[in-house]
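Everything on this sheet refers to the single structure shown next.
Below, chain A is the first sequence line, B the second, and so on; all start at residue 1.
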Number of protein chains: 2
Amino acid sequence: MPMPASVQSGSGQLPITQSFSVTLTGHRDASLEAAAQRFQAQLSRQTGIPFRPAPAVAPVLTIHTDHGRAAVQKLGEDESYELTITDSTASLTAPTPLGALHGLQTFLQLVEITPTGFAVPAVTIKDQPRFPWRGLMIDVSRHFIPLDVLKRNIDGMAAVKMNVFHWHLSDDQGFRAQSRKFPKLTGAGSDGQFYTQEEMRDLIAYAHDRGIRVVPEFDMPGHSRSWVIGYPDLASGPGPYTLESGDPILDPTRESTYKFLEKFIAEMSKLFPDAYFHIGGDEVDGKQWNANPKIQAFMQAHAMKTNQDLQAYFNRRVEKILAKNHKIMVGWDEILRPDLPKNIVVQSWRGQASLAQAIKLGYSGLLSYGYYLDLMWPAARHYAVDPMADAASTLTPEESARLLGGESCQWAEWVTPENVDSHIWPRNAVIAERLWSPQNVTDVASMYARLKAVSLDLEWLGLTHRSARLHMLERMAGSSDVSALRVLADVVEPVKDYNRWDDKQGPIDFHAPLNRLIDAAYPESQTARQFSQLVQSFLQTANSGNTSKDPAAESRIRASLTLWRDNDAALHPLLDRSFLLEEDAPLSELLSAESSAALQALDYIDRSQSPPTDWRAQQSALIDQSKKPVAGLLLMVAPPMQQLIEAAESPHN
Amino acid sequence: MPMPASVQSGSGQLPITQSFSVTLTGHRDASLEAAAQRFQAQLSRQTGIPFRPAPAVAPVLTIHTDHGRAAVQKLGEDESYELTITDSTASLTAPTPLGALHGLQTFLQLVEITPTGFAVPAVTIKDQPRFPWRGLMIDVSRHFIPLDVLKRNIDGMAAVKMNVFHWHLSDDQGFRAQSRKFPKLTGAGSDGQFYTQEEMRDLIAYAHDRGIRVVPEFDMPGHSRSWVIGYPDLASGPGPYTLESGDPILDPTRESTYKFLEKFIAEMSKLFPDAYFHIGGDEVDGKQWNANPKIQAFMQAHAMKTNQDLQAYFNRRVEKILAKNHKIMVGWDEILRPDLPKNIVVQSWRGQASLAQAIKLGYSGLLSYGYYLDLMWPAARHYAVDPMADAASTLTPEESARLLGGESCQWAEWVTPENVDSHIWPRNAVIAERLWSPQNVTDVASMYARLKAVSLDLEWLGLTHRSARLHMLERMAGSSDVSALRVLADVVEPVKDYNRWDDKQGPIDFHAPLNRLIDAAYPESQTARQFSQLVQSFLQTANSGNTSKDPAAESRIRASLTLWRDNDAALHPLLDRSFLLEEDAPLSELLSAESSAALQALDYIDRSQSPPTDWRAQQSALIDQSKKPVAGLLLMVAPPMQQLIEAAESPHN
């Protein structure tokens with residue numbers, strides 16, 4: 001994962017033994033040599049084999065690249081590779097090390113354990129990406145994410161062949177990039193957690209080594225509270241501002257604002273070598289502009305009718321500064337105004353219609369709508385979103401070429417360094433596949449099977465998307481005896497979309513502990529998905545009129561339901577002991593009650609008996625209850641249990 | 001754990017909330033401030049709470065130290081502390097930061113989750129160690145252990161108040177300490193894996209910050225193959241030598257050997273600030289001395305009758321070099337000869353008798369017998385070994401003062417960076433308790449309960465003694481579906497003592513992969529221990545003649561037996577698919593068969609029926625079989641199952 005463009009199976013398999021070795025031919029450079037070494041170390045970690053090739057033995061894997069990569073990775077550089085594996089040797093060829101990097105990741109994913117040893121199946125792969133821009137955005141403002149956590153996520157991106165790390169470095173809640181010219185940006189505009197310039201350079205080099213560009217984002221003129229705490233003159237209204245309160249936006253009418261941005265952008269342009277520079281531009285709340293008489297006078301003097309006109313003026317000014325620094329502007333949908341130069345890139349959180357509109361106007365575009373990882377959607381829902389679908393399907397070939405790809409987005413309202421991996425992975429891998437693989441790679445069952453395998457590989461890279469949950473459960477339980485808690489955690493998911501927070505509660509407290517079950521739960525429950533499939537298949541057989549239902553499926557369903565029915569008794573003592581788990585007690589009771597009901601439903605189905613009316617009424621109340629989130633969590637096995645209950649009630653039985 | 005010298009419970013509890021803060025009074029220095037910060041970070045990690053004390057609020061924990069620590073930590077420095085916790089405040093006082101470090105660890109262990117929040121129970125603790133030398137030795141020669149793995153183990157040592165890291169830096173299979181004077185020690189005498197001087201300095205500083213001395217060991221004149229590969233003139237016989245073969249020992253008769261050691265020891269003495277320097281001295285195989293006519297002539301000329309005499313001569317020469325470098329010699333039992341200065345320290349792998357002998361002769365001593373972690377003993381067996389027991393119990397108070405303490409030893413024949421944590425932890429914590437806590441702290445049930453809690457805490461430090469196994473099981477399975485494999489892994493232990501290797505197999509291949517089930521299995525099975533207790537208690541009630549046995553215990557026993565009986569069917573497809581698991585198939589079958597038998601035994605017991613003769617014969621064969629290791633693993637639930645079978649056969653029923 002992502003599925004290669006072309007795969008031809010061969011016969012036999014290449015054994016991976018202690019004498020495995022790699023050699024480079026053709027072009028070679030330090031970065032490629034480092035990549036080959038990382039590859040061997042990773043293969044060694046995955047297999048537990050310390051490689052010791054005998055000096056005289058021919059190398060097993062030969063890597064050939066024609067020429068070097070650009071010193072600064074460019075959009076659209078050739079990323080193709082060919083990988084040929086026979087039962088005795090493997091050959092990876094690519095025009096540049098970029099393709100070789102991808103080919104090595106493919107090789108690692110092909111390694112499997114067999115009855116005779118570790119091996120890679122014989123295969124011929126010719127592969128190149130569908131889109132040249134395949135990104136992951138991580139918001140580090142709302143919750144700071146330390147460098148080492150970013151690095152392991154970059155390793156994850158490289159494993160699934162993503163090539164752009166979009167670093168959302170500033171937002172209302174914190175400015176995270178050190179500026180030497182304007183030290184109060186982080187000094188006053190953060191809680192002390194930020195990246196030094198050395199650290200940012202380190203990360204950029206780390207990403208470059210792995211074939212990944214780094215595009216910084218400094219959000220302006222909105223989402224900019226953290227700018228104005230240290231530099232209140234930038235704001236369009238009077239302060240004072242704190243990191244917790246106020247909704248300032250930058251003042252586009254003062255020349256001093258552009259003087260500031262000229263210096264700041266020049267500094268950051270030197271730090272970030274990539275050709276693209278993201279200025280945000282989203283969700284500008286014009287209240288301060290409306291309330292400021294000077295700004296209103298400026299708008300009148302320049303015949304601007306709306307705040308959008310003023311933002312467009314701001315963007316044009318900023319774009320000129322960027323151009324002077326040889327940077328191409330990227331921004332969210334809202335920057336789209338016909339009077340900007342055509343080389344800018346619009347990143348669409350609004351959808352394919354907005355994206356297609358930008359492209360038809362001559363701009364380039366990226367899709368992020370449908371790829372917001374913080375919305376807690378199942379992988380299949382992200383997977384179904386294609387950049388070229390819907391409104392974008394009418395683009396001409398020439399226009400399509402300006403649809404550069406897409407980016408998944410990890411907004412950080414509800415993550416910490418502890419659980420951010422599990423919010424990104426493994427789901428991000430299916431977005432990576434959508435952006436790399438041919439458009440017709442859409443089989444969901446195949447996707448989930450491969451996602452499970454890749455998820456395992458990703459933990460060998462050091463990502464903690466699966467392992468962190470156990471520690472969080474143990475913290476909540478105050479004990480390592482968490483099997484009953486795990487049973488509950490396995491069948492729930494956090495509420496979807498933006499339902500975790502209700503504006504009526506006031507602003508989010510970004511300093512609150514994120515140590516509840518909702519913070520530990522996986523965004524997608526594999527247990528619930530598999531149980532649901534099992535129930536569908538069982539009911540299909542049952543409804544087909546065939547009297548021999550499917551005893552194996554029924555017995556597996558009964559085993560799960562029994563486990564869940566009895567789980568509350570096992571879990572309750574723990575829930576009572578822990579203030580963090582108390583809120584989950586109704587969820588545990590609900591799981592137990594509904595499992596009991598579903599078991600009864602199976603009994604009715606088995607006896608072809610119709611349940612009494614009061615039983616139906618009871619179950620209906622239970623079903624209603626199970627649709628409401630408890631402590632921010634949804635009981636994901638409730639819908640299939642409801643289907644069992646309804647099947648028992650239906651006259652077909 | 002370790003249990004403090006004096007604990008007085010108070011009433012109520014101190015809540016740990018977001019406003020928790022720490023202040024230092026009295027003496028303060030950078031190292032103590034760093035310790036307080038580490039403490040807060042660790043508390044934050046354990047609880048998931050990002051602390052944000054309001055500026056105006058009084059600090060919750062006040063640390064008071066009278067004066068600073070020695071710049072180089074000394075044996076016997078005051079490590080005492082007092083910790084007083086009420087329902088509103090906590091106070092930690094200690095003569096020096098050393099005691100404060102220990103008190104902070106005690107505080108961390110006291111934190112628990114309650115129905116109202118995280119809290120520490122009100123308590124007054126006065127604590128100091130029983131022995132001044134409480135060490136852990138790690139062999140990094142047989143398998144290299146990278147610096148980051150050592151660091152997390154040092155964190156673990158600090159958590160259980162150990163204060164000496166004994167770094168076994170050289171042995172036959174690899175010289176791991178960089179010498180600038182003799183670069184071929186690592187250049188030829190290692191596989192390229194060694195610590196640079198900067199790295200060693202870094203580790204020493206890291207350990208010092210945590211109250212831990214670092215004592216280097218360079219094993220001589222035996223265990224010294226890695227010395228002579230680069231410097232063959234040191235050897236007592238002709239080479240050539242490789243890291244894999246040859247049994248060279250240093251030549252004590254040539255002056256050039258001492259010239260070499262003078263330079264080497266001077267260099268290492270500067271690098272390692274500790275007053276003690278370990279020269280090994282164990283297991284000197286005199287074959288080369290016997291075979292070398294020049295050495296034989298030297299011995300005759302100096303009236304030496306035995307190789308022990310020659311080693312004693314060598315030791316006296318080395319001791320003089322050490323003394324010139326202001327170092328005190330430490331060595332294993334074998335260095336003990338009456339003509340060495342009295343300040344040397346004998347580390348006994350032979351036992352209390354050998355230790356007491358050294359002490360009675362006027363030397364100081366350390367016990368390591370009984371603390372060899374690589375022997376795979378259960379925690380209780382290590383816990384039962386007291387340095388002052390047996391022959392050492394007759395020491396006078398004056399002599400006892402020279403019994404400095406002890407060291408656990410992790411020899412590295414069978415560990416890698418991946419599983420070394422699980423070979424050391426959590427069992428090392430009970431040896432730490434033996435060396436810190438009063439001699440009368442010996443309750444095994446209490447020990448196991450507290451060990452379970454401390455094991456959880458240790459993973460929050462970054463140790464992987466529990467989590468690494470899951471990854472290893474997933475590697476063997478080639479899948480994340482490892483629940484059946486985990487059931488098997490939970491009830492087995494690696495063979496004990498030195499039974500993993502039979503000399504008939506030839507020398508150990510130190511480069512072989514360590515990725516089998518025996519490498520992943522915990523040294524002690526908690527499941528087997530608890531099952532065994534349950535069976536004992538059930539049989540006791542059953543044998544008491546009381547007709548109402550213990551239905552709750554029986555039902556739990558039956559649940560476990562049923563799980564195990566059915567596990568083979570679930571596991572078998574996996575065993576067939578993986579060359580690493582194939583060898584474990586007989587073990588899985590045995591578990592299943594014996595569980596069936598034990599369930600039948602329960603049926604006989606329940607019916608007060610005597611089993612037929614052929615059943616008995618069958619079970620007897622099964623029991624014999626279950627005593628033999630399979631793939632280096634012992635079925636640890638076999639003995640309690642055997643007890644059930646025997647109980648069914650006994651006339652009492």
Side-chain angles (χ1 to χ4, degrees), chain A residues 17-18 44-52 111-119 143-144 191 416-419 452-453 455-457 459-460 464 466-468 470-472 474-482 509-516 519-520 526 574-582, chain B residues 17-18 44-52 111-119 143-144 191 416-419 452-453 455-457 459-460 464 466-468 470-472 474-482 509-516 519-520 526 574-582:
Chain A
T17 69
Q18 228 175 338
S44 184
R45 208 171 300 135
Q46 278 182 212
T47 58
I49 300 175
F51 296 119
R52 289 176 56 82
V111 177
E112 57 191 18
I113 197 159
T114 77
T116 55
F118 287 102
H143 283 92
F144 183 71
D191 54 4
T416 65
E418 185 176 46
N419 72 358
K452 193 172 164 187
S455 181
L456 198 59
D457 292 344
E459 283 242 334
W460 285 114
T464 63
R466 295 165 63 239
S467 57
L470 179 62
H471 286 127
M472 295 179 78
E474 288 174 340
R475 172 197 289 145
M476 288 182 259
S479 159
S480 51
D481 297 327
V482 292
D509 174 7
F510 288 97
H511 302 289
L514 295 179
N515 55 7
R516 298 161 56 209
D519 301 304
Q526 188 177 300
L574 204 61
L575 302 178
D576 292 340
R577 274 204 313 269
S578 161
F579 80 107
L580 287 174
L581 291 174
E582 203 182 6
Chain B
T17 69
Q18 229 176 336
S44 184
R45 209 170 301 135
Q46 278 182 213
T47 58
I49 300 175
F51 295 119
R52 290 177 51 84
V111 177
E112 57 191 18
I113 197 159
T114 77
T116 54
F118 286 103
H143 283 91
F144 182 70
D191 54 4
T416 66
E418 185 175 47
N419 72 358
K452 193 172 166 188
S455 181
L456 199 58
D457 292 345
E459 282 242 334
W460 285 113
T464 63
R466 294 165 63 239
S467 57
L470 179 61
H471 285 126
M472 295 179 77
E474 288 173 340
R475 172 197 289 146
M476 288 181 257
S479 158
S480 51
D481 297 326
V482 291
D509 174 6
F510 289 97
H511 301 289
L514 295 179
N515 54 7
R516 296 161 58 208
D519 302 303
Q526 189 177 301
L574 204 61
L575 302 179
D576 292 341
R577 274 205 313 270
S578 162
F579 79 106
L580 287 175
L581 291 174
E582 203 182 7

State, to 0.1 Å, how close A:Phe579 and B:Phe118 come at their nearest heavy-atom pair, and which atoms those are.
CE2-N, 3.5 Å

What part of B:Ser480 gets within 4.5 angstrom of chain A, counting heavy atoms only: side chain, backbone, both, or neither?
both

Any donor and acceptor pair, going by atom type alone, linking the side chain of A:Asp576 with main-chain N or O of B:Pro115 inside 3.5 Å?
no

B:Glu112 portion near chain A, given a 4.5 angstrom heavy-atom threshold:
neither

Distance-minimising heavy-atom pair for B:Pro513 and A:Pro50
CA-CD, 3.7 Å

Side-chain (B:Arg52) to main-chain (A:Ala512) donor-acceptor, under 3.5 angstrom:
no

Interface moiety of B:Arg45 toward chain A, non-hydrogen atoms closer than 4.5 Å:
backbone

Looking at A:Leu581, A:Val111, A:Thr116, which makes the most heavy-atom pairs under 4.5 Å with chain B?
A:Thr116

Do you know the tightest heavy-atom contact between A:Glu418 and B:Trp460?
OE2-CZ3, 3.6 Å

So what's closer than 4.5 Å to chain A heavy atoms on B:Thr47: side chain, backbone, both or neither?
backbone

Indicate the atoms forming the closest heavy-atom contact of B:Glu459 with A:His471, along with that distance.
OE1-NE2, 2.8 Å

Measure B:Leu575 against the heavy atoms of chain A and call it side chain, backbone, both or neither at under 4.5 Å.
neither

Chain A shares the most heavy-atom pairs under 4.5 Å, among B:Leu514, B:Asp481, B:Asp519, with B:Asp481

Are the charged groups of A:Arg466 and B:Glu474 less than 4.0 angstrom apart, N to O?
yes

Report which part of B:Leu456 has an atom under 4.5 Å of a heavy atom belonging to chain A: side chain, backbone, both, or neither.
side chain

Considering only heavy atoms and a distance below 4.5 Å, find which of A:Met476, A:Gln46, A:Glu582, A:Met472 pairs most often with chain B.
A:Gln46

Heavy-atom pairs under 4.5 Å with chain B, option from A:Asn515, A:Asp191, A:Leu580 with the top count
A:Asn515

A:Gln18 side chain vs B:His511 backbone, donor-acceptor pair below 3.5 Å
yes

